[in-house]
Number of protein chains: 2
Amino acid sequence: MAEAAGVSQSTVSRALAGDTSISEPTRKRVIEAAARLNYQVDENAARLRRGRTGTLALVMICRPGQDRKDLNPFYFALLGSTCAAASARGYEVLVAFQDSPENFWGHYQERRKADGMVVIGTSENTAAWDYFGKLPEGTNWVCWGAPSEEFPWVRSDNQAGAMLATRHMLVRGYRSIVCIGSETSPQRQFKERFDGYAAAMQDAGLEPFLQRIERGLPREEQGRRAAAALIESGRPFDGIFGVSDEIALGALKELTSRGFRVPEDVGVVGFDGVRAGAWSIPPLTTVESDFEVAGSLLVDRLIAMIGGQEPSSRRVPVRLVVRGSTRA
Amino acid sequence: MAEAAGVSQSTVSRALAGDTSISEPTRKRVIEAAARLNYQVDENAARLRRGRTGTLALVMICRPGQDRKDLNPFYFALLGSTCAAASARGYEVLVAFQDSPENFWGHYQERRKADGMVVIGTSENTAAWDYFGKLPEGTNWVCWGAPSEEFPWVRSDNQAGAMLATRHMLVRGYRSIVCIGSETSPQRQFKERFDGYAAAMQDAGLEPFLQRIERGLPREEQGRRAAAALIESGRPFDGIFGVSDEIALGALKELTSRGFRVPEDVGVVGFDGVRAGAWSIPPLTTVESDFEVAGSLLVDRLIAMIGGQEPSSRRVPVRLVVRGSTRA
DNA sequence: TTGTATGCGTTATCAT
DNA sequence: ATGATAACGCATACAA
């Protein structure tokens with residue numbers, strides 16, 4: 001390659017790296033020769049020399065044995081936006097799906113495969129968070145969905161979103177609004193969402209009420225059963241705030257199957273903005289995180305950490321998506 | 001590291017690589033020292049030396065400007081299963097999302113970033129396929145969704161799936177079954193699905209009929225309009241086979257909004273197994289590809305190509321998912 | 001079974 | 001503005 005361009009190997013390296021000390025004619029000759037020979041810099045050699053990899057690892061934690069197709073679409077969107085954000089900042093992304101102790105692995109830095117790591121998962125896979133929490137000091141990583149406050153996290157502004165949802169229902173004239181969810185779930189966000197709901201209710205001089213979900217069931221079933229329990233308890237209500245869309249959709253199904261009219265008799269609002277919500281009858285009003293901002297924030301924080309700088313924000317903004325399950 | 005274990009650097013290398021010529025006591029000492037120092041092999045140096053990268057690139061082609069959340073969930077599932085399959089065969093995956101000529105890039109081999117490439121996309125992004133089709137000779141790659149027969153593709157067994165769908169409707173007593181789709185779309189699969197439908201109809205002694213979709217609209221709108229046109233044409237029908245779920249869902253909406261009862265008056269079947277189909281009213285009967293097999297096949301073909309071996313199969317099996325849009 | 005020596009293709013330092 | 005040269009950390013051929 002060097003001789004094809006009639007220059008030394010160092011000149012080739014500099015020309016291709018955009019070093020300003022190389023004259024334009026020389027650079028042009030080098031670039032032409034490279035095109036002719038279909039030459040490209042060997043990344044491994046370059047990285048070996050530089051010490052930096054220019055790559056971020058992205059670990060997706062799934063539930064063991066979970067059908068990947070059932071993964072919440074938000075996570076896939078987040079995967080995509082994280083890749084895009086990394087790419088926009090000049091990083092490549094090495095993606096790994098990990099689901100159980102046999103394949104948990106986070107030594108990307110030691111192996112110089114990546115400069116840092118984004119870990120995305122639901123808080124349910126506690127074994128995974130145990131593993132990643134114990135990685136050696138000096139590991140650069142940021143996570144989405146971890147149950148622990150100790151980890152370097154980025155997450156939705158759950159409380160603001162829940163307040164948004166609750167206030168929306170209040171404005172639309174619903175008064176006896178019940179929250180279906182949990183304050184003790186490892187899903188920390190559920191607690192934050194309940195808190196937001198409770199704050200909005202109290203601001204309006206109303207009493208918050210939590211209808212608890214049963215543990216260990218699919219989300220939709222949890223919502224369905226909680227709604228059934230609520231109805232059977234005889235407690236009057238005209239609004240339901242589900243701490244996740246799947247829970248809200250389950251509640252919605254239970255309500256309509258029992259003859260409640262939504263949104264006339266009861267308003268329902270969820271949280272997450274899953275696709276299925278747009279297809280339910282009526283379509284579900286919900287709160288959605290901006291997954292593009294989420295990806296950017298994850299990448300920005302990670303890059304800051306790698307560079308030893310001050311990290312940026314860690315809360316992802318949310319917005320209300322008004323559909324048909326709350327009256328106009 | 002070598003001196004910490006009291007052996008030479010080559011012994012360290014061999015011990016960690018599992019070379020059988022190393023005695024157990026020595027290996028043990030090396031491994032202990034590595035654990036103590038949190039030492040891991042530098043992948044860049046190893047690859048530079050070996051020449052192989054042990055990595056596959058996965059390029060996801062999206063529509064320019066498309067909201068990543070609107071990407072068909074099947075593609076995300078395929079992304080996941082491809083990563084999983086690669087990982088099961090000892091490869092890592094470097095993921096890139098590419099959507100327009102400014103960021104098309106496929107020189108992973110030249111840069112020794114990967115040994116080969118899986119390209120996944122919809123046939124609509126013709127600029128992308130132009131780009132990848134022109135990559136230099138010797139590029140190892142396999143694709144999903146390309147419009148050209150010339151490329152090394154893996155795809156669903158569309159014809160068999162369409163026959164499955166059509167025969168299912170015939171068995172359930174529908175006779176005047178119309179296909180909503182196209183034989184000329186760049187989506188090659190649409191043609192294959194129409195062919196399968198037509199074959200099944202002819203086998204049953206019935207006349208196939210294609211209600212063409214209009215170009216350039218969102219799929220659901222295409223389905224909706226085609227159904228409207230079909231109804232207005234006065235042609236009698238009691239069954240609709242949509243060449244994609246989104247098209248079928250659009251048709252389903254149009255039918256019910258016009259007072260047709262599904263599945264009593266008209267049966268509807270789609271193709272793809274998208275999530276939204278499970279939530280429609282009634283839920284959509286459909287044909288689903290096994291995305292796990294798809295990921296495996298892509299990876300297997302690619303690895304075979306890298307090794308210069310005979311490629312394996314290229315057709316992914318499909319199965320019928322009976323839901324509520326066809327009568328019992 | 002282990003050690004010695006070499007080179008993979010870069011980037012960076014020091015000359016010129 | 002460019003060339004010569006020295007690492008970077010490993011895997012492997014060869015020697016012992």
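Numbers restart at 1 for each chain; the letters A, B, ... are given by sequence-line order, proteins then strands. Bear in mind that the values here come from a model prediction, so they are computed numbers and not experimental data.
In this structure, the CG atom of B:Leu37 is 15 Å from the C1' atom of D:dG9, given to the nearest Å. Going from atom NZ of B:Lys28 over to atom P of C:dT1 covers 18 Å, rounded to whole Å. Between the CD atom of A:Glu110 and the C1' atom of D:dC10 there is a distance of 17 Å, given to the nearest Å.
Nearest heavy-atom pair across B:Asn44 and A:Arg47 is OD1-CD, 3.3 Å.
Looking at heavy-atom distances under 4.0 Å, A:Ser21 makes contact with a base. Contacts of A:Thr11 with the nucleic acid, taken as non-hydrogen atoms under 4.0 Å apart, involve only primed sugar atoms and P, OP1 or OP2.
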(message) Can you build the contact string for nucleotides 7-16 of chain C? Use B for base contact, S for sugar-phosphate-only contact, and - for no protein heavy atom under 4.0 Å.
(response) BBBBBBB---
What side-chain donor-acceptor pairs closer than 3.5 Å can you find for residues 128-135 of chain A, not counting sequence neighbours?
{"unit_1": "A:Trp129", "atom_1": "NE1", "unit_2": "A:Thr122", "atom_2": "O", "d": "3.1"}
{"unit_1": "A:Tyr131", "atom_1": "OH", "unit_2": "A:Gly106", "atom_2": "N", "d": "3.1"}

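With C:dG3, C:dT1, D:dG3 as the choices, the nucleotide that has an atom nearest any side-chain atom of A:Ser8 turns out to be D:dG3.
The residues A:Arg27 and A:Glu24 are annotated as salt-bridged, a charged nitrogen and a carboxylate oxygen being separated by less than 4.0 angstrom.
Helix-axis bend for the helix from C:dT1-D:dA16 to C:dT16-D:dA1: the local axis fitted to the five terminal pairs at one end deviates from that at the other end by 30°, rounded to 10°.
Take A:Glu192 and apply the side-chain contact (heavy atoms from CB on, under 4.5 Å) test, not counting sequence neighbours, and it matches A:Arg155, A:Asn158, A:Arg188, A:Arg315. Listed by chain and residue number, B:Ser8, B:Arg14 satisfy the side-chain contact (heavy atoms from CB on, under 4.5 Å) test with B:Ser10 (two or more places apart in sequence, or in another chain).
For residues 294-305 of chain A, the pairs satisfying side chain to side chain donor-acceptor pair (under 3.5 Å) are A:Arg89-A:Asp300, with sequence neighbours left out.
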